[in-house]
S.K.: 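Here it is: the structure, laid out below.
Note that the structure is a prediction, hence the values are computed from the model and not measured.
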Amino acid sequence: MNMLVTDTVDTLPSAHPTVSDRIRGLSTRLRLILGILAIVLIGAIAWAIFAPPAAPKKKPAPPVIVHVATKADVKVVEHTIGTIISPATVQITAQVQGQLIKSYFTEGQMVQQGQLLFQIDPKPYQAALDSALATMADAKAKAERYAKLLAANAVSPQDADDARATYLTAKAAAETARINLGYTRVTSPIEGKTGPIMIQPGNQVMASASAASGAVVAATGATTLVTVTQLHPIKVSFSLPQSDLPRIQARMAAHELVVDLGNKHTAPVDFVSNQVNAQTGTIELRATFPNIDNALVPGQLLDTGVVLDIIKGATVVPHDAVNAGLDSSYVYVVRDGKAVMVKVKVLHDNLTSAAVQGDLKPGEKVITDGQMRVVAGQPVTIGGKPQDKNIGK
């Protein structure tokens with residue numbers, strides 16, 4: 001019997017996949033992965049395009065430091081450099097020639113008016129006075145004799161007049177000799193402080209035209225003996241801009257123009273120059289101080305303050321609170337936690353505090369530090385306690 005036998009080996013699955021089977025499997029998985037990635041990418045792009053924008057991150061309010069505006073009477077003080085000057089400085093000179101034999105003071109000593117300072121050898125001048133007195137006595141006797149003879153018509157009137165003239169001349173010569181003898185005692189014409197002794201005792205001194213100019217010549221030509229400077233009272237001289245003239249004149253008329261040198265040295269202005277310096281555009285003022293303690297010395301330079309006005313009830317803020325704008329000054333005021341820009345007019349600024357005028361009330365908080373970070377109308381954070389001090393003084 002013939003039977004048909006069929007080979008079934010090829011129809012059964014192989015226990016070992018071929019290379020082509022593996023490639024087909026990898027291709028299928030790769031397509032699946034790429035498809036998933038494409039779906040994710042398309043979703044991300046769609047989200048980026050159509051998703052609502054994220055809310056911006058809120059910035060914190062900038063920190064600032066504030067001070068409290070106050071109300072005060074503000075003094076408008078003009079400061080300048082003043083020079084201490086003496087009302088009188090006298091160069092003591094010899095008025096007669098002779099040997100300087102003694103001095104009666106020490107250098108730098110305070111002396112009184114009329115106090116003896118030097119003695120010039122008086123002997124030659126005493127002898128000249130004695131001779132002049134003798135001549136005058138002889139002339140006087142002769143004049144009296146001629147007067148009696150004239151009454152008896154014993155001499156001519158001319159002779160009597162000549163005798164009278166001779167007597168008067170002798171009398172004048174005697175008076176001159178007396179004055180010259182007095183000049184040998186050199187006294188101080190003022191009260192003041194002496195400087196260094198320029199001519200020591202033992203030297204010859206002489207009176208000359210150079211004495212008036214204070215020139216000091218050596219040995220036999222010396223003239224200036226010492227300088228005496230008045231110290232009390234004493235004056236301060238200073239100059240202010242001519243733009244201050246209206247206020248200067250108003251305060252002078254009210255007797256309220258006072259100079260303050262500090263250390264309790266204050267005095268009213270007692271002199272305003274009669275002209276403005278054309279070169280500097282300033283006018284000179286002076287004030288007199290008692291200077292009992294001799295603290296002020298001629299030539300000394302001092303900061304001089306003059307009150308030219310008083311602003312009554314002014315709103316006062318620190319100098320650092322005022323900012324310069326394009327058309328006006330302004331301050332930042334903290335209201336309801338926000339910085340508000342307020343325009344102000346500066347009435348006076350002494351570089352410490354400023355008197356201002358504007359929509360600003362005493363008690364409000366003004367920003368003194370941190371203005372560069374502030375945006376008008378935006379919130380701020382107060383970084384320090386408000387300073388409540390009287391900044392108007």
Side-chain angles (χ1 to χ4, degrees), residues 88-107 109-192 194-228 230:
T89 298
V90 180
Q91 293 177 326
I92 308 299
T93 59
Q95 294 178 279
V96 292
Q97 180 178 344
Q99 184 184 26
L100 191 66
I101 60 174
K102 190 175 183 180
S103 63
Y104 293 88
F105 69 97
T106 57
E107 296 177 325
Q109 176 185 333
M110 294 293 298
V111 295
Q112 301 298 316
Q113 182 178 6
Q115 181 174 334
L116 179 63
L117 302 180
F118 296 97
Q119 178 67 62
I120 297 173
D121 186 3
K123 293 190 290 292
Y125 297 95
Q126 182 64 59
L129 175 59
D130 293 342
S131 175
L133 288 175
T135 302
M136 181 189 71
D138 182 62
K140 182 180 180 182
K142 184 176 180 179
E144 290 175 349
R145 255 191 338 266
Y146 272 59
K148 293 178 181 179
L149 292 174
L150 178 62
N153 290 323
V155 294
S156 66
Q158 181 65 49
D159 293 336
D161 291 342
D162 290 343
R164 177 66 178 172
T166 300
Y167 163 65
L168 293 177
T169 300
K171 182 179 179 182
E175 185 61 27
T176 299
R178 190 187 307 277
I179 292 173
N180 287 336
L181 178 61
Y183 283 157
T184 61
R185 292 171 51 88
V186 182
T187 60
S188 176
I190 62 170
E191 175 188 352
T194 59
I197 297 176
M198 306 302 293
I199 305 301
Q200 296 295 332
N203 287 300
Q204 288 285 331
V205 294
M206 62 180 297
S208 67
S210 62
S213 63
V216 177
V217 241
T220 59
T223 54
T224 300
L225 304 177
V226 72
T227 299
V228 179
Q230 182 178 333

S.K.: Quick check for you: to the nearest 0.5 Å, what is the distance between Ile101 atom CD1 and Asn203 atom CG?
M.R.: 13.5 Å

S.K.: Measure across Val205 and Leu100 and return the closest heavy-atom pair with its distance rounded to 0.1 Å.
M.R.: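 Minimum heavy-atom contact is CG1-CB, 4.5 Å.
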
S.K.: Heavy atoms only: give me the nearest Tyr125-Gly98 pair and the separation to one decimal.
M.R.: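 Heavy atoms of Tyr125 and Gly98 come nearest at OH-N, 4.5 Å.
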
S.K.: Can a donor-acceptor pair be found, under 3.5 Å and without considering hydrogens, that links the side chain of Glu107 to the backbone of Ile197?
M.R.: yes

S.K.: Is the shortest side-chain heavy-atom distance between Met198 and Gln91 below 4.5 Å?
M.R.: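 Result no, sub-4.5 Å side-chain heavy-atom pair not found.
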
S.K.: Check whether any side-chain heavy atom of Met110 sits under 4.5 Å from a side-chain heavy atom of Phe105, and report yes or no.
M.R.: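 Met110 does not reach Phe105 side chain to side chain.
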
S.K.: Distance-only, no hydrogens or angles: does the Ser131 side chain make a donor-acceptor pair with backbone N or O of Ala128 under 3.5 Å?
M.R.: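 Not confirmed, Ser131 side chain does not pair with Ala128 backbone.
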
S.K.: If you look at every heavy atom in Ser103 and Pro201, which pair is closest and at what distance?
M.R.: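 Smallest interatomic distance, heavy atoms only, reads N-CG, 3.8 Å.
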
S.K.: For the backbone of Gln109 and the side chain of Thr194, can you confirm whether one donor and one acceptor N or O come within less than 3.5 Å of each other?
M.R.: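 It does hold such a pair.
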
S.K.: Heavy atoms, side chains only, cut-off 4.5 Å: are Leu225 and Val186 in contact?
M.R.: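 Yes; the side chains approach each other to less than 4.5 Å.
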
S.K.: How far does CE of Met136 sit from OG1 of Thr166, to the nearest 0.5 angstrom?
M.R.: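 Going from the CE atom of Met136 to the OG1 atom of Thr166 covers 14.0 Å.
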
S.K.: Nearest 0.5 Å, please: how far is CD in Gln115 from CD1 in Ile190?
M.R.: 12.5 Å

S.K.: With a 4.5 Å cut-off on side-chain heavy atoms, are Lys148 and Glu144 touching?
M.R.: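 No; the side chains remain at least 4.5 Å from each other.
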
S.K.: How close do Leu181 and Gln126 get, counting heavy atoms only, and between which atoms?
M.R.: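 Minimum heavy-atom separation between Leu181 and Gln126: CD2-OE1, 3.1 Å.
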
S.K.: Looking only at heavy atoms, which two atoms of Val111 and Ser188 are closest? And how far apart?
M.R.: CG2-OG, 3.8 Å

S.K.: Locate the shortest heavy-atom distance separating Tyr104 from Gln119; write the atom from each residue and the value.
M.R.: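 So the minimum-distance heavy-atom pair works out to CE1-CB, 3.7 Å.
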
S.K.: The test is side chain to side chain contact (heavy atoms under 4.5 Å, CB included); show your working for Gln97 and Tyr183 and say whether it passes.
M.R.: CA-CA 9 Å; Gln97 180 178 344; Tyr183 283 157; over 6 Å; no

S.K.: For a 4.5 angstrom cut-off between non-hydrogen side-chain atoms, does Phe118 reach Val226?
M.R.: yes

S.K.: Measure the spacing between OG1 of Thr135 and NZ of Lys171 and express it to the nearest 0.5 Å.
M.R.: 15.5 Å

S.K.: Do side-chain atoms of Gln99 reach the backbone of Gln204 as a donor and acceptor pair under 3.5 angstrom?
M.R.: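 Pair absent, no side-chain N/O of Gln99 close to backbone of Gln204.
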
S.K.: So, taking the atom named OG1 in Thr169 and the one named CZ in Arg164, what distance separates them when rounded to the nearest 0.5 Å?
M.R.: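 Output value for this atom pair is 11.0 Å.
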
S.K.: Say you draw a straight line from NZ of Lys142 to CG of Asp159; how long is it, rounded to the nearest 0.5 Å?
M.R.: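 So the gap between those two atoms works out to 8.5 Å.
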
S.K.: Could you check whether any side-chain heavy atom of Gln230 comes within less than 4.5 Å of a side-chain heavy atom of Val90, counting everything from C-beta outward?
M.R.: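 A side-chain contact is absent here, since even the closest heavy-atom pair is not under 4.5 Å.
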
